[in-house]
A.B. asks: 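Input: one structure, supplied below.
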Amino acid sequence: MSEEENQYIQQRRAKLAEYRALGINPFPRGMKPTHTARDILTTYESHDGDALTKVTQNFSVAGRIVFHRAFGKAAFLKLRDRSGEIQIYIQHQAVGDELFKFYKMLDVGDFLLAEGTLFRTKTGELSLHVTGFRLTSKALQLLPEKWHGLADVEQRYRQRYVDLIANPKVKEIFRARSQTVQAIRDFLIARDFLEVETPMMHPIPGGAAAKPFITHHNKLDMDLYLRIAPELYLKRLVVGGLERVFEINRNFRNEGISIQHNPEFTMLEFYQAYGTHEELMELTEQMFADVATKVLGKTTVTYQGTEINLAPPYRKLTMKEALVEVGGCDPAILTDKKKAVAYAAKLGDTLKTKNEGLGAILTEIFELTCEKKLMQPTFIHGYPVEVSPLARRSDTDPEIADRFELYIYGREIANAFTELNDPEDQAARFHAQAEALFKGDDEAMHYDDDYVTALEYGLPPTAGEGIGIDRLVMLLTDAPSIRDVILFPQLRKKE
RNA sequence: GGGCCGCUAGCUCAGUCGGUAGAGCAUCGCCCUUUUAAGGCGUGGGUCCCGGGUUCGAGUCCCGGGCGGCUCACCA
């Protein structure tokens with residue numbers, strides 16, 4: 001438990017003890033400043049030094065000391081609050097002997113409340129000429145060095161609080177994330193959608209093809225699955241008459257971790273009665289353009305050096321068109337299962353099961369040959385029913401689902417369909433999934449009897465969509481890894 | 001899970017052929033009352049990720065392990 005502490009912490013603990021010996025609480029409560037850094041900087045932006053001498057008002061600001069430069073009898077410090085940073089000038093002559101002694105006890109990292117008047121330095125920086133100050137919280141740990149910041153990726157993720165202090169760009173990413181979610185919420189609510197919350201613990205995992213996390217409820221003595229998707233619950237709500245619903249929340253999938261995958265990730269799902277997946281394409285374009293405009297002020301974004309244009313309309317291709325036009329595949333594989341299998345084998349694809357039909361094989365070939373090439377926003381539709389157990393069959397081809405996925409920068413970012421609302425067809429599809437599960441496909445879906453019952457009560461014609469929020473935020477913030485847009489990404493236990 | 005790379009002071013990083021553990025910033029002390037990576041002089045600070053092995057001697061070479069990054073496979 002008791003680790004040996006380094007010299008720096010010992011030095012600062014000694015200062016803490018000194019404050020306490022003097023009867024000064026180093027962790028006082030309240031301590032409200034009159035202004036934020038930004039209040040002051042924007043209000044007096046255009047005042048030159050002369051104009052500021054006429055501003056006799058006292059200002060107080062509070063924040064963390066992030067910069068310190070001393071000159072014997074005077075010093076410059078910078079305080080950082082939620083709005084920004086402001087420089088303060090502490091002068092022996094202005095604060096007197098006693099306060100100047102307390103100034104000497106301050107460390108970079110401490111929180112301070114300072115008050116004084118405004119002035120401009122020789123170099124023109126708007127600063128606070130301090131007449132009084134108070135330590136508001138003592139820091140014992142040293143902050144990372146100022147111009148390289150914190151570079152150790154592991155420490156950045158494990159101690160995000162240090163990352164946020166040391167690397168200003170990180171704060172901007174999470175601000176953009178918050179704005180993204182808010183923009184989506186506003187967009188949907190303006191279209192008469194109702195935001196809901198559905199269970200995170202499911203007795204039957206459903207709504208996606210994925211391996212779940214399993215947990216246990218002691219009193220009920222029952223295993224529960226952390227949800228892999230909210231889909232089946234949201235559609236139950238549409239059955240119940242909530243014709244337009246959405247949820248922005250976490251999904252959990254017990255699968256690999258990568259630059260694009262975190263075990264828990266945030267998904268938007270929304271459902272619209274009397275909608276079709278074609279209409280959702282248009283809605284998605286509008287949503288992305290709207291969100292980009294609100295977050296970035298424009299509809300183009302440079303992601304990892306590639307300019308992505310989010311202004312509608314987006315390219316639309318069927319999977320089969322994409323296979324030939326984007327993937328450069330032999331058109332013969334589209335209808336000939338033997339040729340498709342051979343083609344897949346040539347690509348090094350190992351088929352999940354021997355029972356896969358042509359549709360599933362083509363989907364795998366699509367993923368191998370096309371996905372990575374779809375840089376600009378592209379809707380892929382015409383997915384096989386075989387790989388779409390919750391989507392409605394097309395009226396023109398019963399083997400094709402009324403479904404699309406949206407690809408941007410080679411990544412799947414949205415998945416939508418006109419929902420399957422025929423309870424008998426849904427029951428048959430669940431049976432097929434349950435059989436695959438029994439045969440060892442641990443990502444196949446479970447049979448959800450109550451969901452079929454819900455459909456028997458009647459689900460109006462409905463379209464639904466899921467959008468990966470983390471990936472959308474990655475795109476908007478030019479973040480190379482999903483860990484850069486999740487505050488506390490999953491890591492192994494240390495030790 | 002496989003492959004490749006990384007882990008050295010609080011932080012960012014050097015460390016040659018195996019031969020006393022280094023720098024910058026930060027700390028601490030002194031000088032300095034308008035700095036913008038301030039400046040000057042001085043000072044302290046190390047479980048070289050962990051455990052074995054080889055060797056007279058290991059941060060360095062070998063083996064095993066840990067954590068992280070990238071990548072392949074799986075997935076959103």
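Below, chain A is the first sequence line, B the second, and so on; all start at residue 1.
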A.B. asks: Look at the side chain of Thr123(A) against the base of rU34(B) and say whether a donor-acceptor pair falls under 3.5 Å; ignore hydrogens and angles.
C.D. replies: no
A.B. asks: So for Gln91(A) and rU34(B), does any side-chain atom that can act as donor or acceptor lie under 3.5 Å from a complementary atom in the base?
C.D. replies: no
A.B. asks: Please confirm whether any donor atom in the side chain of Glu145(A) sits under 3.5 Å from an acceptor in the base of rG24(B), or the reverse.
C.D. replies: yes
A.B. asks: Side chains of Asp39(A) and Thr36(A): is there a donor and an acceptor less than 3.5 Å apart?
C.D. replies: yes
A.B. asks: Return the set of residues passing side chain to side chain donor-acceptor pair (under 3.5 Å) with Asp163(A) (not counting sequence neighbours), or none when no residue passes.
C.D. replies: Arg156(A), Arg160(A), Asn167(A)
A.B. asks: Taking the side chain of Gln155(A) as its heavy atoms from C-beta onward, which of rC11(B), rU27(B), rG68(B) lies nearest to it?
C.D. replies: rC11(B)
A.B. asks: Whole angstrom is fine here: how far is it from CD in Gln10(A) over to C1' in rG10(B)?
C.D. replies: 13 Å
A.B. asks: Paired with rG24(B) by Watson-Crick or G-U wobble geometry, both distances under 3.5 Å: which nucleotide is it?
C.D. replies: rC11(B)
A.B. asks: Please answer whether rA76(B) and Phe265(A) are stacked, defined here as ring centres separated by less than 5.5 Å and planes angled under 30°.
C.D. replies: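 Stacked: centres under 5.5 Å apart, planes under 30°.
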A.B. asks: Go through residues 93-120 of chain A and report each residue with a non-hydrogen atom lying under 4.0 Å from RNA chain B, sorted by number.
C.D. replies: Gln93(A), Asp107(A), Phe119(A)
A.B. asks: Between rU36(B) and Glu125(A), counting only base atoms on the nucleotide and side-chain atoms on the residue, is there a donor-acceptor pair under 3.5 Å?
C.D. replies: yes
A.B. asks: Now, which nucleotide makes the Watson-Crick or G-U wobble pair with rC4(B), with each of the two distances under 3.5 Å?
C.D. replies: rG69(B)
A.B. asks: Give one of base, sugar-phosphate or nothing for Asn254(A), where a contact means two heavy atoms less than 4.0 Å apart.
C.D. replies: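 Nothing, no heavy atom under 4.0 Å.
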A.B. asks: Taking the same atom, C1', in rC32(B) and in rG40(B), what whole-Å distance lies between them?
C.D. replies: 9 Å
A.B. asks: Please measure how far the C1' atom in rC48(B) lies from the corresponding atom in rG22(B), and state the result in whole Å.
C.D. replies: 12 Å
A.B. asks: If you check every side-chain atom of Glu443(A), which of rG10(B), rG68(B), rC74(B) has the closest atom?
C.D. replies: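 Given the options rG10(B), rG68(B), rC74(B), the side chain of Glu443(A) is closest to rC74(B).
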A.B. asks: For Tyr89(A) and Asp152(A), take the nucleotide of RNA chain B holding the closest heavy atom to each; which residue's nucleotide lies nearer the 5' end?
C.D. replies: Asp152(A)
A.B. asks: Does a side-chain N or O from Arg411(A) land closer than 4.0 Å to OP1 or OP2 of rA76(B), or not?
C.D. replies: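 So the side chain of Arg411(A) is outside the cut-off, no N or O lying under 4.0 Å from OP1 or OP2 of rA76(B).
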A.B. asks: Taking only the side-chain nitrogens and oxygens of Lys146(A), find out if one of them lies under 4.0 Å from OP1 or OP2 of rA26(B).
C.D. replies: yes
A.B. asks: Just checking Ala229(A): base, sugar-phosphate only, or nothing, at a heavy-atom cut-off of under 4.0 Å?
C.D. replies: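 No contact.
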A.B. asks: More than 12 heavy atoms of other residues, nucleotides or ligands under 6.0 Å from NZ of Lys373(A): yes or no?
C.D. replies: yes
A.B. asks: Looking just at side-chain N and O atoms, do Asn415(A) and Glu465(A) make a donor-acceptor pair shorter than 3.5 Å?
C.D. replies: no
A.B. asks: Can you measure from CG (Leu135(A)) to CD1 (Ile65(A)) and round to the nearest 0.5 angstrom?
C.D. replies: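 CD1 of Ile65(A) is found 7.5 Å from CG of Leu135(A).
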A.B. asks: Can you check whether any acceptor in the base of rG44(B) is under 3.5 Å from a donor in the side chain of Tyr8(A), or vice versa?
C.D. replies: yes
A.B. asks: Counting only side-chain heavy atoms from C-beta out, which of rA76(B), rC70(B), rC25(B) sits nearest to Ile259(A)?
C.D. replies: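 Among the listed nucleotides, the one closest to the side chain of Ile259(A) is rC70(B).
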A.B. asks: Given the P atoms of rC41(B) and rG24(B), what is the spacing between them in whole Å?
C.D. replies: 11 Å
A.B. asks: Looking at Arg158(A), I'd like to know whether one of its side-chain N or O atoms comes within less than 4.0 Å of OP1 or OP2 on rG68(B).
C.D. replies: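 Yes, such a contact exists.
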A.B. asks: Can you tell me the distance, in whole Å, between the CG atom of Leu126(A) and the C1' atom of rU36(B)?
C.D. replies: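 Computing the Leu126(A):CG to rU36(B):C1' distance gives 15 Å.
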A.B. asks: Does Arg471(A) make a side-chain N or O approach to OP1 or OP2 of rA76(B) shorter than 4.0 Å?
C.D. replies: no
A.B. asks: Could you give the distance separating rC50(B) and rG6(B) at their C1' atoms, to the nearest angstrom?
C.D. replies: 16 Å
A.B. asks: Going by purine N1 to pyrimidine N3 plus the second Watson-Crick contact, or the G-U wobble pair, all under 3.5 Å, which nucleotide sits opposite rC41(B)?
C.D. replies: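 Its partner is rG29(B) (Watson-Crick or G-U wobble, both distances under 3.5 Å).
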A.B. asks: For Leu143(A) and Pro480(A), find the nucleotide of RNA chain B closest to each by heavy atoms; which residue's nucleotide sits nearer the 5' end?
C.D. replies: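 Its nearest nucleotide being more 5', the pick is Leu143(A).
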A.B. asks: Just wondering, more than 12 heavy atoms not from Gln57(A) lying within 6.0 Å of its CD?
C.D. replies: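 It does: Gln57(A) CD has more than 12 such atoms within range.
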A.B. asks: When the P atoms of rG65(B) and rA26(B) are compared, how many Å lie between them, rounded to an integer?
C.D. replies: 42 Å
A.B. asks: If I pick the P atom on rC62(B) and the same atom on rU55(B), what distance separates them, to the nearest angstrom?
C.D. replies: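 To the nearest whole Å, 16 Å.
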A.B. asks: Do any side-chain nitrogens or oxygens of Lys211(A) fall under 4.0 Å of OP1 or OP2 in rA76(B)?
C.D. replies: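 False: Lys211(A) side-chain N/O out of range (4.0 Å or more) of rA76(B) OP1/OP2.
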A.B. asks: Across the strands shown, which category fits Arg253(A) at heavy-atom distances under 4.0 angstrom: base, sugar-phosphate, nothing?
C.D. replies: base
A.B. asks: What is the base-pairing partner of rC61(B), counting Watson-Crick and G-U wobble geometry with both distances under 3.5 Å?
C.D. replies: rG53(B)
A.B. asks: Applying side-chain contact (heavy atoms from CB on, under 4.5 Å) between Phe379(A) and each of Thr284(A), Leu317(A), Leu374(A), report the one that passes.
C.D. replies: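 Testing Phe379(A) for a side-chain contact (heavy atoms from CB on, under 4.5 Å) against Thr284(A), Leu317(A), Leu374(A) leaves exactly one candidate, Thr284(A).
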A.B. asks: Heavy atoms under 4.0 Å, any strand shown: does Gly466(A) hit a base, just sugar-phosphate, or nothing?
C.D. replies: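 Counting heavy atoms under 4.0 Å across all strands, no contact is made by Gly466(A).
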A.B. asks: Measure the distance from CD on Gln7(A) to P on rU43(B) and round it to the nearest whole Å.
C.D. replies: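 These atoms are roughly 15 Å apart.
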A.B. asks: Measure from the ring centre of Phe71(A) to the centre of the six-membered ring in the base of rU33(B), then say whether that distance is under 5.5 Å and the planes meet at under 30°.
C.D. replies: no
A.B. asks: Pro377(A) versus Leu310(A): any side-chain heavy-atom pair under 4.5 Å?
C.D. replies: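 When only atoms from C-beta onward are counted, Leu310(A) and Pro377(A) do touch, with a gap below 4.5 Å.
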A.B. asks: Is Ala210(A) touching bases, backbone alone, or none of the nucleic acid, heavy atoms closer than 4.0 Å?
C.D. replies: nothing
A.B. asks: Without decimals, in angstroms, what is the distance between Leu406(A) CG and rA76(B) P?
C.D. replies: 15 Å
A.B. asks: Output the rounded distance in Å from CD (Gln159(A)) to P (rG68(B)).
C.D. replies: 14 Å
A.B. asks: Less than 3.5 Å apart, any donor N or O on the side chain of His92(A) or Asp97(A) sitting next to an acceptor on the other?
C.D. replies: yes
A.B. asks: Between rC7(B) and rU60(B), how far apart are the two C1' atoms, rounded to whole Å?
C.D. replies: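 Straight-line distance between the two C1' atoms is 14 Å.
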A.B. asks: Check whether any side-chain nitrogen or oxygen of Arg483(A) sits under 4.0 Å from OP1 or OP2 of rC70(B), and answer yes or no.
C.D. replies: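 Yes, within the criterion.
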A.B. asks: Rounded to the nearest Å, what distance is computed from the NE2 atom of residue His68(A) to the P atom of nucleotide rC32(B)?
C.D. replies: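 In whole Å, rC32(B) P lies 15 Å from His68(A) NE2.
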A.B. asks: Distance check, P atoms only: rA9(B) and rU47(B), in whole angstrom units.
C.D. replies: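 It comes out at 8 Å once rounded to the nearest Å.
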A.B. asks: How many whole angstroms separate atom CD of Glu412(A) from atom P of rC74(B)?
C.D. replies: 14 Å
A.B. asks: With no hydrogens and no angle check, just 3.5 Å: does a side-chain donor-acceptor pair link Arg483(A) and Ser258(A)?
C.D. replies: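 No, no side-chain donor-acceptor pair sits under 3.5 Å.
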A.B. asks: Is there a donor and acceptor pair closer than 3.5 Å between the side chain of Thr121(A) and the base of rU36(B)?
C.D. replies: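 By the distance-only test, yes, there is a pair.
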A.B. asks: I'd like to know whether Lys78(A) forms a salt bridge (Lys or Arg N to Asp or Glu O under 4.0 Å) with Glu125(A), so could you lay out the CA-CA distance, the side-chain angles of the two residues, the decisive distance to 0.1 Å, and finally the verdict.
C.D. replies: CA-CA 11 Å; Lys78(A) 270 192 179 127; Glu125(A) 181 164 350; 3.8 Å; yes
A.B. asks: For rG46(B), which nucleotide in any strand shown is its Watson-Crick or wobble partner with both distances under 3.5 Å?
C.D. replies: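 No nucleotide pairs with rG46(B).
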A.B. asks: In whole Å, what is the span from the CZ atom of Arg13(A) to the P atom of rU27(B)?
C.D. replies: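 Rounded to whole Å, this separation is 19 Å.
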A.B. asks: Do Arg227(A) and Thr198(A) have a side chain donor and acceptor closer than 3.5 Å?
C.D. replies: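 Side-chain D/A pair, Arg227(A) to Thr198(A): present.
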